[in-house]
Structure formats: structure tokens, C-alpha cells
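As C-alpha cells, the structure follows; a few thoughts come after it.
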Protein chains: 2
Amino acid sequence: MFSKACEYGIRATLYVAMQSMEGQRAGLREIVDVTGTPAAYMAKILQKLVHAGILDSVRGPVGGFGISRIKIDNIRLAELVHTLEGDRFQGTCLLGKKSCGDTVCPLHNEFLEMKEEMLGMLENTSLFELASQLSLGLGTLKYRDEGET
Amino acid sequence: MFSKACEYGIRATLYVAMQSMEGQRAGLREIVDVTGTPAAYMAKILQKLVHAGILDSVRGPVGGFGISRIKIDNIRLAELVHTLEGDRFQGTCLLGKKSCGDTVCPLHNEFLEMKEEMLGMLENTSLFELASQLSLGLGTLKYRDEGET
DNA sequence: AAAATAAAAGACTAAATTGTCCTTTAATAT
DNA sequence: ATATTAAAGGACAATTTAGTCTTTTATTTT
Ligand code: FES
Ligand code: FES
């Protein structure tokens, strides 16, 4: 569904959001540990999120990544996905057309409703909703079936 | 959403189905022309579909690809996708877990309904439905925004 | 039987994605 | 000031996906 970069990025962002809500910064080491993802690769992804203005970072001791409460409330999954995947989920076609324009792919009609629902979901789900659930212990950020031998 | 191989494969299969319903075999040249896809790559994909028992093929003049009426009626999009993508869409997680098992990813709850709908759609949409629509002139197999300078 | 046709098969190249490593820069603490 | 810490940055390696090219095999036509 999503690229690895996007998966990792979502997981990291949610962890950072969770920590920021507790007034804590999250360091790379910590993020990588709690998500079980490749450190150097995650560093790149975090960098991208900082560049995009989604996360903020400070260097040095006591440094790490954070995200403001305003952003936690306002940033939607769609923005995260767009930052990490580009246009791949931006109002586009299931079968690879650039957009569902004038002429339409063979799956357009069958999947129209489903697609609207999915894009709506991405557009309406805030980081806050997701991070809150995580704080309540619903859901995990680290998967056994991934890396980590 | 889907890989190129899968996109191309779906488009090709639908064209072959359309032609088979008219009692015509479809050759690679023709398929490539009508879908606007890279010929040699499409050949690989068609081969895979033949191996999977979805399409049949005959060599030599008057040869080409076909699909039986029974298969047109019974094969669902899910089978096609599974053949061309492996398990990537097989009852699995939006965020990359192998399956929505005991512990669940942060998107599981929000997207559960949507995902069920999508998997249901893949499972319930037959080639016949899609090919019929194409025969009626609804939908296109060749995209301007793709290759083909 | 030969010539022509079209799929099968396999080896290969190109590009994108994923992942690693190593150096630099900024912040803090001693 | 200097040593330490942690992110930033860039160059690289590995893997996967996408795409090409060339030869072989099966079928049909002449
Ligand atoms: S044209 Fe393909 S989903 Fe709309
Ligand atoms: S666990 Fe991720 S969608 Fe179910």
C-alpha cells in the first residue's frame, strides 16, 4: 500500500507526536528502538519531515525531534503521505492514470466509492487522533514480522 | 496503488477477455498497441498470467492469447492482483505488518472499514463485469499520460 | 519440407527504492 | 575553550521493479 519510507515515517511521526504531547523530545536512537526500523534510513526520513516543516529538531545533547501541539491537531495523514510519497495518493487513479480525467480506467467506476472513502479518511484523520489511540495502548509501532531478527 | 506489472496485467487481461468474448484471440502486438505499454515487458507479464492458468496462449500464425468464458465469469480481480503482486493485498496491513494479527498498527482501526470494502471489491469484481463495461465503451485501456511519446 | 509467424525463455540493462557509512555542523555540558 | 552529544548531509551499496534484447520453440501456411 504505502512505501517503506512512508510507513516508517508515519510510525515515527506518531511516536514523536505521542512524546511531544508528554512534553518529551524523541531522539533518533529512541525512535528507531521503539519502531524497530533501520536507523540510518529512518534518519533520512526524519530529515525529510523536518524539511517539510512537519517535525522540528534540535541537535546536541537533549536534542531530538518534536512536533508542536498545533501541528498535532492540524496535520492530517494525507499531508504526511504526500510528503513521503509525492503525488501517488493525490486524487489519482487506481490503475496508474495521472488523474481520473475525461476518460477513465476500467476500475474507475467499481472503485470510485471506495477510493473517495479512502482519500477522505486520509484527509480527515489527524495526527492527534492516531497518537491519542497509541497513548491509550491501542496499536503498536513495532512489528515482530519486520527486520530485527 | 498497484505495481506497473499489475496495472499492465489487468489492462491486458481485460482486453484479452473482451476479445475472447467476441471469439477473437489477441496477439502481443495488438495488446501492446491497444494498451500503450512496453512490448517486451508486457510479454513477461502475459507469460506469467499464462503460467498462472489465467490466460491461455497458442504460438505461431493465428496464435495469441485468450481466456475461456468460464474464467471470464469466475476469475476475480483479487486473483489477478495476487498473481501479479503476490501477497501484498492479501488480507494485510496498511502499514506493512504481515497481517492484522493480535497486535495492530496505528491505522488499523481508522481504516478497517475502508479496507474491508476494498478487499471485498477485489474479491467480488469479476473479469466479466469489467470487460463488459469496456465493451460498452465505458473506460479506456490506453492512457495519454503514459509512455508513448 | 521450408518459410513465416508468434509465443517462450533467458540474459541482460536501467531506474527507483531501500538501506549503510562516514563526515560535518550545531547544541550542550564540563 | 573543549569534549560530548545528536542531527544534517552526502556518498555509496544492495535490492527490487521496470524494461530491453536475443535466441529458441511451437504452430501454421505455402
Ligand atoms: S481513472 Fe482509474 S480510478 Fe479513476
Ligand atoms: S494492523 Fe495495520 S491495517 Fe490492520
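Bear in mind the structure is a predicted one, so any value in this text is a computation, not a measurement. Residue numbering restarts at 1 for every chain, and letters A, B, ... go by the order of the sequence lines.
Between the Arg11(A) side chain and the Leu141(A) main chain, a donor and an acceptor come within less than 3.5 Å of each other. At least one donor-acceptor pair closer than 3.5 Å links the side chain of Lys71(B) to the backbone N or O of Gly53(B).
For Tyr8(A) and dT17(C), the OH to C1' distance is 11 Å, given to the nearest whole Å. Atom C1' of nucleotide dT17(C) and atom CE of Met42(A) are separated by 16 Å, given to the nearest angstrom. The distance from atom OH of Tyr41(A) to atom P of dT20(C) is 10 Å, rounded to the nearest whole Å.
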Produce a footprint string for nucleotides 3-13 of chain C: one letter per nucleotide, 5' end first; B if the base is under 4.0 Å from any protein heavy atom, S if only the sugar-phosphate is, - if neither. --BBBSBBB--
What's the verdict on side-chain contact (heavy atoms from CB on, under 4.5 Å) for Glu30(B) and Gln24(B), showing C-alpha distance, side-chain angles and the deciding distance? CA-CA 12 Å; Glu30(B) 190 186 347; Gln24(B) 305 279 322; over 6 Å; no
Pair Tyr143(A), Leu95(B) - check side-chain contact (heavy atoms from CB on, under 4.5 Å), show working. CA-CA 10 Å; Tyr143(A) 313 154; Leu95(B) 266 194; 3.3 Å; yes
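If you walk DNA chain D from 5' to 3' and mark each nucleotide with an atom closer than 4.0 Å to a heavy atom of chain B, the marks span dA18(D) to dT29(D).
Within the 4.5 Å cutoff, side-chain heavy atoms of Met21(A) are placed close to those of Phe128(A).
Using a 4.0 Å cut-off between charged side-chain N and carboxylate O, Arg69(A) and Asp73(A) make a salt bridge.
Leu138(A) belongs to a hydrophobic cluster whose other members, connected by ILVMFWY side-chain contacts under 4.5 Å either directly or through intermediates, are Leu136(A).
When the side chains of ILVMFWY residues are joined at heavy-atom separations under 4.5 Å, either directly or via intervening members, Met42(A) and Val58(A) end up in two distinct hydrophobic clusters.
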